[in-house]
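A short write-up of the structure that comes next.
Note that the numbering runs from 1 along the sequence shown for the chain. All heavy atoms count here, side chains included; hydrogens, waters and symmetry mates do not.
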Amino acid sequence: MNSGFTDVLLLLAIAVVLVWGFRRVKLPAILAYLTAGIIAGPDVTGWIQDPDEYHFVAELGVVLLLFSLGLEFSLPKMIAMRRLVFGLGLGQVVICTVLFAGLAFLFTNDWAAAFVIGGVLALSSTAVVIKQLGESAQLTSKRGQITVATLLFQDIAVVPFLIVIPLLAATAGESSIWLNLAIAMGKGAGVVVVLMAIGKWVLPHIFKEIARLRTDELFVLATLLVALVAGGLTHLFGLSMALGAFLAGMMLGESKYKHQLEADIRPFRDILMGLFFITVGMQLDLTVFIENLHWIVLGVLVVGTIKALVVRWLAVRMGERSEDSWGAGLMLFQMGEFGFVLVTLALTYALLPNAIASILVGIGVLGMALTPLVIQRCSPIVKTVLKLVGAASSNANDQDLLAPKDEHTKVLILGFGRVGQTVSRFLEQEGIEHLAIDHDTRRVQEALAGGAKVFFGDAGRRDILKAVHAEEVELIIISFAEDERALDALRAIRSLNDHAEVIVRSRDDSKLKAMMEAGATQVVPDTLEASLMLVSQILSRTGVPIRRILSRLDHARRSHYGELHGFYPGESTNMDPERIDKLQFLHAVQIPENAYAAGRSLRDLGLQDINCMIRSVRRGEHDIKEVDGDFTLEKDDVLLLSGGPRAIEAAESYLLNG
């Protein structure tokens, strides 16, 4: 008992220190957990002699990871992107699995082990790649869309791998494999039917009653119970617990409780997943790793090259540009977190020797460590590759979304929350050039997709402010909800620019004196009325006549702040079930070629029937602010929708699939 407690305490201490250190140098937390496992494992300090003691708790982490994946699984989005998802994604997984399995068979002479290795290496890291794309604001670029579509299918492909690997261990002959696979598919279909029936007719009533009680701990307990019961049900049928958790998440992903479920489950998922990766690190045979380091480095290079070539070949044949295809291929070069899951599963069923498992883990660790650097330097690497292969680079390369498009910005907005977005709308109406900075990845992605002038960055850093030429800007708005962050940004601004007028939003007057001493020109209080006051100050300093300002403010008040309703949600947005129905969101939806709405008029679509309105339509480089019922949508149009969260989701599904 005491020994176990001490072991856990040491693990937590190592994990905390390493995660802090790795994040300081911009490396993924997954690598910190793997390193913690290596240090605590039998080959280094020997604190943990038997990693299997933690197997059950680690498996819970995998269950919650798959549950979260199911919650985020959007069937309408997948169907709308089916050309890339089921064309490029399917092709990449199948071709890479076959190629890697063929190479592995040359070394192992065992088709079961070769298949596992092929599947492990074919998958890429959804967690690391999506996070890095978000931080560099490349998710809206074409290469980012190709990458996301491929990762989406890879996540789906995990499910059949979870089914097949236990069967490979349980069967000896080929006929037995197919028979057992058919039986497993039958069991899986039965479980899906049962879970879907429960999800449609039972769970909504349960969660409705729980939400009515407004008891947070009961909601969390119910969420954990649903995930674990679903996992236990599939385990009872001889399938993976992770498969059941994925189905449960997918089942609840269409409910109005999706956002709250995701928020509740995230802390447990992250902690338990951290423990899972620690146990993976414990299983790494350090002697084998060091002795085969040259093979591991060669493996990363070979795997990355094959993946890049396959993705590039498939994408070009699907009509994508060569540079975008190379970029997506480079971003997907690494082995993913689900690869570690499959390696652990294969070890459990004795399909892989420990030595090969250690080499695979080494390939995964090294690949993930290099991923942030590769994604950050993707464009220069692509240009170098194009020169080497003799291809001319297109002049229409995607712009680096971290760089401002207009170096002569007149107004700079720091913070693109609700107040910052309100300011941006009024400036846009007056045709005043402005730029916003925000550090919320999701909000930046949503805003960029909707055509807003915003990019990702920490506004309190001098290098970020220099990148947007803050030293030359005439007027700067600080709209953070946190006064301390506003003070940090204010000090950074004044160290670069002592002549600009700086208007600061503050919740109250507790920091007013400090802000004025730090260089604020004016401090404005919060709420929607405060937003209007802030706008009046901004417009007056940009030369707009006072009559026009008063007219606009009067119109906003007379319309009950109608134009101020709707905002781009971020990760920090409160998604409480009792509050979510009162929110008004803005959400950008792109119309793919095969979407239901393509070629139809707005009158035929009738979005007003689902309480959703179209704020604007972006077609190419043009923003169309006013559209009538005769306006016909075309492929690649981007609609900026306004409405409640559920209305937005219903409208997106309807536009994409009818």
Side-chain angles (χ1 to χ4, degrees), residues 34 37-38 41-43 51 91-125 154 157-158 160-174 176-177 181 277 279-311 313 329-330 332-371:
L34 290 167
I38 293 170
D43 288 343
Q92 184 271 325
V93 170
V94 171
I95 294 173
C96 287
T97 300
V98 171
L99 290 176
F100 293 140
L103 289 174
F105 182 75
L106 298 177
F107 294 94
T108 63
N109 199 32
D110 181 349
W111 278 116
F115 173 78
V116 173
I117 294 170
V120 166
L121 297 178
L123 303 179
S124 303
S125 177
Q154 288 183 1
V158 172
F161 280 123
L162 292 173
I163 295 174
V164 171
I165 288 177
L167 296 178
L168 291 175
T171 55
E174 185 177 345
S176 180
I177 290 177
L181 184 60
F277 286 115
T279 60
V280 172
M282 291 177 189
Q283 293 168 351
L284 178 67
D285 190 325
L286 208 56
T287 303
V288 173
F289 178 84
I290 295 172
E291 290 177 352
N292 295 276
L293 184 59
H294 56 294
W295 290 112
I296 291 171
V297 174
L298 180 63
V300 171
L301 293 174
V302 170
V303 169
T305 301
I306 291 176
K307 280 187 175 180
L309 290 172
V310 169
V311 171
W313 181 77
L330 285 170
L332 296 167
F333 81 95
Q334 73 292 116
M335 186 181 113
E337 59 275 356
F338 286 115
F340 296 121
V341 175
L342 298 182
V343 167
T344 303
L345 189 63
L347 281 173
T348 302
Y349 288 98
L351 285 175
L352 285 179
N354 285 331
I356 293 179
S358 294
I359 292 175
L360 289 174
V361 171
I363 291 173
V365 170
L366 184 57
M368 283 185 173
L370 294 174
T371 298

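Atom CD1 of Ile38 and atom OG of Ser358 lie 9.5 Å apart (nearest 0.5 Å). To the nearest 0.5 angstrom, Ile356 atom CD1 is 10.0 Å from Asn292 atom CG. From Leu301, atom CG reaches atom CD1 of Ile306 across 11.0 Å, with rounding to the nearest 0.5 Å. Rounded to the nearest 0.5 Å, atoms CE (Met335) and CG (Leu366) are 11.5 Å apart.
Across Glu291 and His294, no two heavy atoms sit closer than the pair O-CE1, 3.2 Å. Leu332 approaches Ser124 most closely through the heavy-atom pair O-OG, 2.8 Å. Of all non-hydrogen atoms in Ala113 and Leu351, the two that sit nearest each other are CB-O, 3.5 Å. Nearest approach of Val93 to Ala157, heavy atoms of both residues: CG1-CB, 4.1 Å. Taking every heavy atom of both residues into account, Val365 and Phe340 meet most closely at N-CZ, 4.1 Å. Taking both residues in full, the closest heavy atoms of Ala357 and Val343 are given as CB-CG1, 3.9 Å, listed atom of the first, atom of the second, then distance.
Listed for the Lys307 side chain is a donor-acceptor partner under 3.5 Å among the backbone atoms of Leu121. Side-chain N or O atoms of Gln334 include one that pairs as donor or acceptor with a backbone N or O of Ser125 at under 3.5 Å.
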Practice task
Give the C-alpha distance, both sets of side-chain angles, the deciding distance and a yes or no for side-chain contact (heavy atoms from CB on, under 4.5 Å) between Thr371 and Phe333.
Solution key: CA-CA 8 Å; Thr371 298; Phe333 81 95; 3.7 Å; yes
Problem - Verdict with reasoning, Leu345 to Phe161, per side-chain contact (heavy atoms from CB on, under 4.5 Å) - result: CA-CA 10 Å; Leu345 189 63; Phe161 280 123; over 6 Å; no
Practice task
Carefully, step by step, assess Val164 and Phe115 under the rule side-chain contact (heavy atoms from CB on, under 4.5 Å).
Solution key: CA-CA 10 Å; Val164 171; Phe115 173 78; 3.6 Å; yes
Exercise for the section: Kindly indicate, with the supporting measurements, whether the criterion side-chain contact (heavy atoms from CB on, under 4.5 Å) is fulfilled by Ile117 and Thr108. Expected result: CA-CA 10 Å; Ile117 294 170; Thr108 63; 4.2 Å; yes
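Side-chain atoms of Leu123 and Leu342, non-hydrogen and from C-beta on, do get closer than 4.5 Å to each other.
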